[in-house]
Student: 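Please read through the structure below; I'll follow up with questions.
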Amino acid sequence: MTSSSILSPNLLLLPCSCRHGASSLKRLQTLAPTISPRRLSSLLLTMKRPRRAPPPSPPSTPPTPQTIHRLHHHRRRRCCEKPVSMRQSLAAESPEWVPLDLAESELSLPLTFPTGQTFRWKRTGPLRFTGAVGPHLVSLKHLEGGGGVAYCVHGNRPDGAGARSAVLDFLNADIRLGEIWEVFSASDSRFAELARLLRGARVLRQDPLECLIQFLCSSNNNIARITKMVDFVSSLGRHLGSVKGLEFYEFPSLERLLAVSEKEFREAGFGYRAKYIVGTVKTLQSKPGGGVEWLTSLRGLDLQDAIAALCTLSGVGSKVAACVALFSLDQHHAIPVDTHVWQIATRYLLPELAGARLTPKLSGRVAEAFVSKYGKYAGWAQTMLFIAELPSQKAIIPSHCLTIQEDEKVERIDKEASVAE
DNA sequence: CGGTAACCTGGGAT
DNA sequence: AATCCCAGGTTAC
């Protein structure tokens with residue numbers, strides 16, 4: 001989301017070159033292949049790691065590959081399920097809703113799903129969203145009276161028993177939002193004010209391949225078309241069912257994606273991103289042990305190494321890499337810096353840079369500033385601040401909390417114009 | 001090395 | 001109606 005989409009029409013005079021970043025890492029690697037990835041990343045990504053905090057390692061969610069995860073679920077605890085006949089009769093019209101043990105303050109669906117983290121979940125009710133979690137077709141909804149969130153599994157899959165833990169894993173349920181926000185709020189009064197309004201805005205823990213392909217589609221693109229493209233990719237996967245007239249699919253495997261040509265992606269409207277996807281899929285497939293395994297292994301790396309590794313993939317620059325790292329690789333202090341985050345940062349974190357244009361180097365400084373202010377969960381803080389600026393949240397955010405207020409637009413334009421002269 | 005134009009496409013503004 | 005601008009950027013000069 002760039003400033004203009006938020007601020008709308010009269011920012012036409014803003015220089016658009018601010019989003020023309022050079023990417024660098026990949027190019028450097030081709031120019032200087034002898035330099036190690038670690039060295040490269042330190043050259044390009046000045047992002048600091050939190051000072052004392054060791055990487056978080058939630059006890060109940062080890063970095064197990066998703067595939068093993070599924071097999072695991074497949075094998076256990078089938079005895080606890082209801083008889084198949086009963087489940088079948090129930091599922092068609094009135095699915096069985098099971099409460100998740102998550103307080104309202106820990107998960108707000110409208111503040112989590114339609115906020116640009118994933119394009120695969122669809123709104124299937126006022127307070128209800130539906131999507132795939134691995135092989136499970138799941139709906140989530142808020143219970144009435146602030147009773148938290150419940151889920152249901154559609155389609156009577158035989159391994160439905162694994163759905164609950166898969167959903168909790170996907171929701172990053174081991175991370176206590178209340179606790180980390182408390183820390184942010186203590187040192188940041190603006191955060192504290194927004195936090196009250198945006199209670200329950202979480203960072204998801206998506207499947208890495210699924211996340212990567214989605215954000216590969218996102219570059220220099222708009223939400224509507226990204227969604228269309230992601231829908232196309234999804235339709236290559238196994239059909240899981242339909243809810244409220246919407247079709248849902250398991251995300252296609254790497255092997256399935258490998259079978260799609262650049263031409264096919266282009267014809268499906270991917271534009272130049274077709275090349276990126278085909279290239280990335282091919283590179284992944286060539287990794288020893290398999291691309292999925294390789295991606296998952298990035299969960300265990302330091303942030304800078306994970307980013308550097310992702311940036312070796314075609315079409316992945318620092319922004320996409322940070323999104324994948326934050327939304328799927330447990331890199332809680334990854335900061336996806338776009339022009340919008342830039343606006344927030346130059347106003348609240350780095351006022352001395354106000355007016356400058358966003359370059360890769362400065363984007364590194366922004367990330368650094370977020371991490372030194374918010375610590376090991378800086379990415380979560382950034383996500384909440386980002387959500388606050390979304391047009392869809394405007395209604396619930398008082399204007400004095402917004403980075404750029406209505407009456408400032410004119411001033412900004414004037415400033416830009418005078419700079420240009 | 002740091003800055004810039006080019007890249008697909010479709011919707012909305014001028 | 002034709003044209004320009006823009007969209008959660010990355011790549012190649």
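Lettering of chains follows the sequences in order, A, B, ..., and the numbering in each one begins at 1.
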Student: Can you tell me how far C1' in C/dT11 sits from the matching atom in B/dG10, rounded to whole Å?
Tutor: 23 Å
Student: Out of B/dC8, B/dG10, C/dG8, which has the shortest distance to the side chain of A/K228?
Tutor: B/dG10
Student: Under a 4.0 Å threshold between the charged nitrogen and the carboxylate oxygen, would A/E250 count as salt-bridged to A/R256?
Tutor: no
Student: On a whole-Å scale, what distance lies between the P atoms belonging to B/dC7 and C/dA2?
Tutor: 23 Å
Student: So what does A/T115 touch, heavy atoms closer than 4.0 Å: a base, only the sugar-phosphate, or nothing?
Tutor: base
Student: Which value, in whole Å, describes the distance between the P atoms of nucleotides B/dA6 and C/dG8?
Tutor: 23 Å
Student: So, does A/R266 get its side chain near the phosphate of B/dC8, meaning an N or O under 4.0 Å from OP1 or OP2?
Tutor: yes
Student: Rounding to an integer number of Å, can you tell me how far A/M229 CE sits from B/dT9 P?
Tutor: 10 Å
Student: Could you check which of B/dC8, B/dG3, C/dG8 has an atom nearest any side-chain atom of A/T359?
Tutor: B/dG3
Student: In whole angstroms, how far is the P atom of C/dG8 from the CG atom of A/N222?
Tutor: 6 Å
Student: Quickly work out the A/K263 NZ to B/dC8 C1' distance and round it to whole Å.
Tutor: 16 Å
Student: Nearest of C/dT10, B/dC7, B/dG3 to any side-chain atom of A/S318?
Tutor: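 The closest nucleotide is C/dT10.
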Student: Could you state the atom-to-atom distance from OH of A/Y276 to C1' of C/dG9 in whole Å?
Tutor: 7 Å
Student: Rounded to the Å, how far apart are A/I335 CD1 and C/dG8 P?
Tutor: 19 Å
Student: Rounded to whole angstroms, how far apart are NZ on A/K361 and P on B/dC1?
Tutor: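 One finds 12 Å between P of B/dC1 and NZ of A/K361, rounded.
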Student: Verify the stacking flag for A/F386 against C/dG8: centroid separation must be under 5.5 angstrom and the ring planes must differ by under 30 degrees.
Tutor: yes
Student: In whole angstroms, how far is the C1' atom of C/dT10 from the CG atom of A/L212?
Tutor: 14 Å
Student: So, do A/W181 and A/Y377 have ring centers that fall under 6.0 Å from each other?
Tutor: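 No, the ring of A/W181 stays outside the 6.0 Å limit from the ring of A/Y377, centre to centre.
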Student: Provide the distance between the two C1' atoms, one in B/dC8 and one in C/dA1, to the nearest whole Å.
Tutor: 23 Å
Student: Can you name the side chain to side chain contact (heavy atoms under 4.5 Å, CB included) partners of A/P114, sequence neighbours left out?
Tutor: A/R123, A/F129
Student: Measure from CZ on A/F270 to P on C/dG9 and round the result to the nearest Å.
Tutor: 17 Å
Student: Under the ring-ring contact (aromatic ring centres under 6.0 Å, His included) test against A/F170, which residue among A/F327, A/W121, A/Y151 passes?
Tutor: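 Going through A/F327, A/W121, A/Y151 one by one, the ring-ring contact (aromatic ring centres under 6.0 Å, His included) with A/F170 is satisfied by A/W121 alone.
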Student: Only one of A/Q206, A/Q117, A/R120 passes side-chain hydrogen bond (donor to acceptor under 3.5 Å, both in side chains) with A/Q214; say which it is.
Tutor: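 Result for side-chain hydrogen bond (donor to acceptor under 3.5 Å, both in side chains) with A/Q214: A/Q206.
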Student: For B/dC8, what is the paired nucleotide under Watson-Crick or G-U wobble rules, both distances under 3.5 Å?
Tutor: none
